[in-house]
Amino acid sequence: MNVHEKQRGVAEAAQARAELYETLALLKDRLNYAQRVDDAIDDFKHRAAEQKRRNPLAFAAGVAGAAAIVGLGVWTVTSAVIKRFQ
């Protein structure tokens, strides 16, 4: 094995190592579900704040609608549970 072959082997190993680190970084981003959830929550907060700033009346109506839907769901489940135990 001459010097040129050694240098080529070292360069190939460095290239393979760089590709491995890049792949590991991509996998880390994709498989880190806690970070992805945190990022999605932050994104939602920013979008909600922007919507509230741009159109506060529509934002308030959306919040009231969501609260009504959640309240209706809780009322339905609670009613079903009460009926089952009577």
Side-chain angles (χ1 to χ4, degrees):
M1 180 179 280
N2 62 27
V3 174
H4 180 66
E5 290 173 341
K6 284 183 182 181
Q7 289 175 343
R8 190 177 72 207
V10 169
E12 288 175 359
Q15 176 66 29
R17 188 171 31 256
E19 290 174 6
L20 176 63
Y21 288 149
E22 182 179 337
T23 302
L24 289 174
L26 289 173
L27 286 172
K28 178 183 162 196
D29 289 341
R30 288 190 179 195
L31 296 176
N32 190 349
Y33 292 110
Q35 185 62 47
R36 290 175 71 184
V37 168
D38 289 344
D39 292 344
I41 290 171
D42 287 341
D43 183 48
F44 175 77
K45 286 179 183 177
H46 291 297
R47 286 187 290 129
E50 179 64 23
Q51 179 65 25
K52 182 179 176 184
R53 186 188 64 77
R54 285 191 298 148
N55 195 349
L57 188 58
F59 179 79
V63 169
I69 290 170
V70 169
L72 181 63
V74 169
W75 179 77
T76 303
V77 170
T78 304
S79 296
V81 169
I82 290 172
K83 286 179 184 178
R84 180 168 284 224
F85 285 116
Q86 284 184 346

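Index from 1, following the sequence.
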Notebook entry, point to check: Of all residues at least two apart in sequence or in a different chain, which pass the side-chain contact (heavy atoms from CB on, under 4.5 Å) check with Leu72?
Noted result: Trp75, Thr76

Check: If you round to the nearest 0.5 Å, how far is CG of Leu31 from CG of Leu26?
Finding: 10.5 Å

Next item on the list: Kindly write out the residues that satisfy side chain to side chain donor-acceptor pair (under 3.5 Å) with Arg30, not counting sequence neighbours, or none if the list is empty.
Entry: none

Notebook entry, point to check: Going by the salt bridge (charged side-chain N to carboxylate O under 4.0 Å, His left out) test, which pairs reach into residues 50-69, not counting sequence neighbours?
Noted result: Glu50-Arg53, Glu50-Arg54

Next item on the list: Only counting residues at least two apart or in another chain, list the ones meeting side-chain contact (heavy atoms from CB on, under 4.5 Å) with Thr78.
Entry: Val74, Ile82

Margin query: For Gln15, give me all partners under side chain to side chain donor-acceptor pair (under 3.5 Å), at least two apart in sequence or on another chain.
Written below: Glu19

Margin query: Show every salt bridge (charged side-chain N to carboxylate O under 4.0 Å, His left out) that has at least one partner inside residues 71-86, sequence neighbours left out.
Written below: none

Checklist line | Residues forming a side-chain contact (heavy atoms from CB on, under 4.5 Å) with Ala58, sequence neighbours excluded | finding: Gln51, Asn55

Next item on the list: Give a yes or no on this: more than 12 heavy atoms of other residues, nucleotides or ligands lie within 6.0 Å of atom CG of Leu20.
Entry: yes

Checklist line | Qualifying side-chain hydrogen bond (donor to acceptor under 3.5 Å, both in side chains) pairs with a residue from residues 33-45, counting only residues at least two apart or across chains | finding: Gln35-Asp39, Asp43-Arg47

Notebook entry, point to check: Tracing side-chain links under 4.5 Å among I, L, V, M, F, W and Y, which residues wind up in one group with Val63?
Noted result: Phe59

Next item on the list: Please go through Phe85's hydrophobic cluster and name the other residues, only I, L, V, M, F, W, Y counting, with side-chain heavy atoms under 4.5 Å joining them.
Entry: Val77, Val81

